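Predicted model only: the values in this text are computed from it and were never measured. In each ligand, atom 1 is the first atom listed, and ligand 1 is the first ligand listed.
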Amino acid sequence: MIDQANWIWDGQTANTVSPVFQKEIAPAKPLRQAVLQITALGLYEASIDGARVGDALFTPGWTAYNKRLQYQTYDVTEQLRGKSAACLQVTLGNGWCVGRLAWENAYCHWAKQRALLASVQLQYEDGTQEEIVTGPDWQWAPGPVQFSELYDGETYDARIVPQDFRPVCLLEYTKDILIPQEGEAVKEHERIAPVAMFTTPKGETVLDFGQNLTGYVTFRVKGEEGQRCEFSHAEVLDKDGNFYTGNLRTAKNHICVILGQEELTYHPHFSFQGFRYVRIDSWPGQVNPDDFRAVAVHSDIKRTGDFSCSSSLLNQLYHNIIWGQKSNFLDVPTDCPQRDERLGWTGDAQVFVRAASYNFDVAQFFHKWLHDLAAEQAPDGGVPHVIPDVLHDKNHSAAWGDAAVICPWQIYLTYGDRAILEEQFNSMRSWVEYMRSRGDNEFLWKGDVHFGDWLAMDAPEGECVGATDLDLIATAYYAYSTSLLIKAGKALGKDMAEYEALYQAVTWAFRREFLVDGLPRCQTQTAYVLALYFHLTDRPHEVAAALARMIRDNGNKLSTGFVGTPYLLHALTENGYAETAYTLLLQEEYPSWLYSVNKGATTVWEHWDSIKPDGSMWSDSMNSFNHYAYGSVADFLFGKVAGINPDENKPGYAHVVLAPVPDQRLGWVKAQLETRHGLVKSAWRYEDGHVIYDFDVPQGATATIRIAGETREVQAGHFQYIR
Ligand code: BGC
């Protein structure tokens, strides 16, 4: 077993070259089974006699390494069967554990050196077994990967064949943190051919893959020994059509391959990029676009939901949301995949989790990440801004820390997954207790620094924190997370009386502090949205009417940021203003969801105005073109437009609530969702002055159908209504 193995390393702290470790595996007798268990400080890639072991990428994955380090188990029987000796080689790269992460050239968040821990268990036909573990009898040599960093790309020298193997060093490092793989492995997915090759006004040769994505470029090349292939990545072109890398900040995203004598097929080993365009900086001879493919790389999550409608713009938006999720579900839910960030921002994950769980099966993915969240939580319950935590900020922000409560609750709702509530309950409760402990009034969260309604349109020009009162946001989330904690506790059969009383007290305190006659004192769309969606006002009709008025007075445009946007359309629709919600959804002028679509976006942008109407960009300092937060609107497409919802009393779609809200401006809508209880479908279309609804409820599930003011309880089957 892997815990019998010894940590080994190459003893070369300051060396950027990836070491290749080697050991001969010589099965003494006929094999029944051979199993490799392996992990690393850094990233590893293993091969046996030159053939890659498994198809998982960026192993051992990203966790809070000082507390939890995954190892992987591979059946390597077929790679060893019939051989009297085989060569196991393992190359290590820096990755998240040892390499550069976050800002100011920060390295070595968890370990100063790459190291390997592995064991090969050989079970023989005669029932005996043998185990080979990493230790002093292994050897290493410098490999062809000369440099690799997640942000910066890779330099690969194909002329270098590892040789002159030398003894390894042993490393004193704990094995108490080892855990088996928890999330889905990261794997290669779509392979996309360039749609165009062109020369920019500056004279750059650029390949366009037609889709912004996360992964890498793979290519085939044959040249003279020593010739260089170099290229750079970008998400967008600038106003003049030139290659634009300003928004990558210090991330170099540069690939350099030095050719050997042989033809080479290459992709980066320990680096990934967020890109649509590739600039060829150096190439031996003519560039042939057909030699290149962009490979999308993400956690191997299964697609579950699909949405389409009569509007090609909305369909493109949904496509962009799917690609935003693929691009940012690379082992942890990240904010963005391209600049020197790519971190597990809690706020972004919280905002998007509901949409995410319509699009893909993300149960296992969130189990893993939430285990890290709990492991990283401060003793007082504070939740770090990013998980795994590389920022070490002692401050904790409302709407970001609430990921501790909102994410497990959503996974429970979507998948009926009680285990996640059991596993996370203490973490959920301690976040609520953290909020309770702040300031001098137990029932209000006032006076702390927060990210607020991040990137809202009502933020002062060039700034990030929107105009909504920070204390209002913080106390609203305090109430909301407490309400979810109560539901979670009850689902687990716990007595939640203390928290029910707390919830009442926080709600009353919120009303006294932030509302006047039921209406938020703070006159922003987001303040009104929170009062409605979190049920904090006893005058929802007036608040909704005022919100609808604010939107109309704002030219039928939203002004919300990360906090208000995910709930805006729900809050309107649930309170009688579906028409206003659709107006915002179908708005094409800036700021709106469809504005970026009309600007040619293929993923969701970080800012409503990442590219402004005049073609200029929001500042380089923070301008991702692949941020899923505003893609949270997918949960409105599924939950309200198509009306497919779980029932919190019978979660996991054991009972389905089908309550579509049609609008004539969308002629037809179709959505389907593969649930734990089978395939649910909902569709509607306008025809001859009627709305025709079609629903499918899978065997084993039941449903409530709510349309045109009527409610029906049904069993499995197909149902059609004309209204
Ligand atoms: C990230 C965001 C994140 C924010 C917090 C940014 O740099 O990209 O998406 O939530 O910081 O303020």
Side-chain angles (χ1 to χ4, degrees), residues 96 100-104 106 150-151 212 214 235-236 246-251 253 274 320-321 324-325 327-330 332-353 355-356 369 373 376 382-404 406-407 448-460 462-468 470 473-474 477 526 560-567 596 603-610 617-633:
W96 299 283
R100 179 157 95 89
L101 267 188
W103 309 289
E104 289 140 21
L150 292 170
Y151 293 165
N212 199 22
T214 301
E235 295 188 286
V236 290
N247 68 325
L248 307 179
R249 301 197 302 220
T250 68
N253 289 304
N320 297 359
I321 293 168
Q325 183 164 355
S327 305
N328 284 295
F329 274 49
L330 198 157
V332 307
T334 56
D335 57 335
C336 60
Q338 72 297 81
R339 66 183 178 218
D340 52 358
E341 193 153 1
R342 315 182 194 185
L343 305 176
W345 281 97
T346 48
D348 306 45
Q350 172 275 108
V351 159
F352 190 64
V353 62
W369 185 70
L373 184 149
E376 296 280 45
V383 176
H385 299 324
V386 298
I387 304 292
D389 186 15
V390 291
L391 301 180
H392 308 294
D393 191 337
K394 294 276 171 285
N395 184 48
H396 305 292
S397 173
W400 270 251
D402 293 276
I406 293 171
C407 295
D448 277 343
V449 179
H450 302 277
F451 295 118
D453 192 18
W454 190 248
L455 309 187
M457 293 306 299
D458 50 21
E463 289 184 27
C464 296
V465 181
T468 306
L470 298 183
I473 294 175
Y477 269 92
T526 290
T560 49
F562 275 33
V563 164
T565 303
Y567 307 131
S596 66
T603 41
V604 176
W605 296 350
E606 178 172 22
H607 297 258
W608 295 117
D609 53 351
S610 284
M617 309 246 180
W618 211 87
S619 128
D620 280 356
S621 67
M622 215 186 66
N623 200 5
S624 151
F625 292 90
N626 204 348
H627 240 69
Y628 53 51
Y630 293 149
S632 59
V633 72

Centre-to-centre under 6.0 Å for Phe562 and Trp345, is that the case here?
no
Measure the distance from atom 6 (C) of ligand 1 to every protein heavy atom, then report the residue, atom name and distance (to 0.1 Å) of the closest one.
Glu341 OE2, 3.4 Å
So which heavy atom in the protein is nearest atom 9 (O) of ligand 1, and how far is it from that ligand atom?
Asp348 OD2, 2.5 Å
Considering all heavy atoms of both residues, which atom of Asn626 and which atom of Asn212 are nearest to each other, and what is their separation?
CB-ND2, 3.7 Å
Nearest heavy atoms of Gly561 and Thr565, plus distance in Å:
O-OG1, 2.6 Å
Which is it for His385 and ligand 1 at heavy atoms under 4.0 Å: side chain, backbone, both or neither?
neither
At under 4.0 Å between heavy atoms, is it the side chain or the backbone of Arg342 that contacts ligand 1, or both, or neither?
neither
Parallel, tilted or perpendicular: rings of Tyr477 and Tyr567 (30°, 60°)
tilted
Gap between atom NE2 of His385 and atom CG of Leu391 - 0.5 Å precision:
7.0 Å
Side chains of Arg100 and Thr250: is there a donor and an acceptor less than 3.5 Å apart?
yes
Should Trp345 be counted as touching ligand 1, given the test is an N or O pair under 3.5 Å?
no
Please determine if Asp335 has a nitrogen or oxygen closer than 3.5 Å to a nitrogen or oxygen of ligand 1.
yes
For Glu606, atoms of ligand 1 separated by under 4.0 Å from a heavy atom:
8 (O)
Contact check, Arg339 vs ligand 1, heavy-atom distance below 4.0 Å
yes
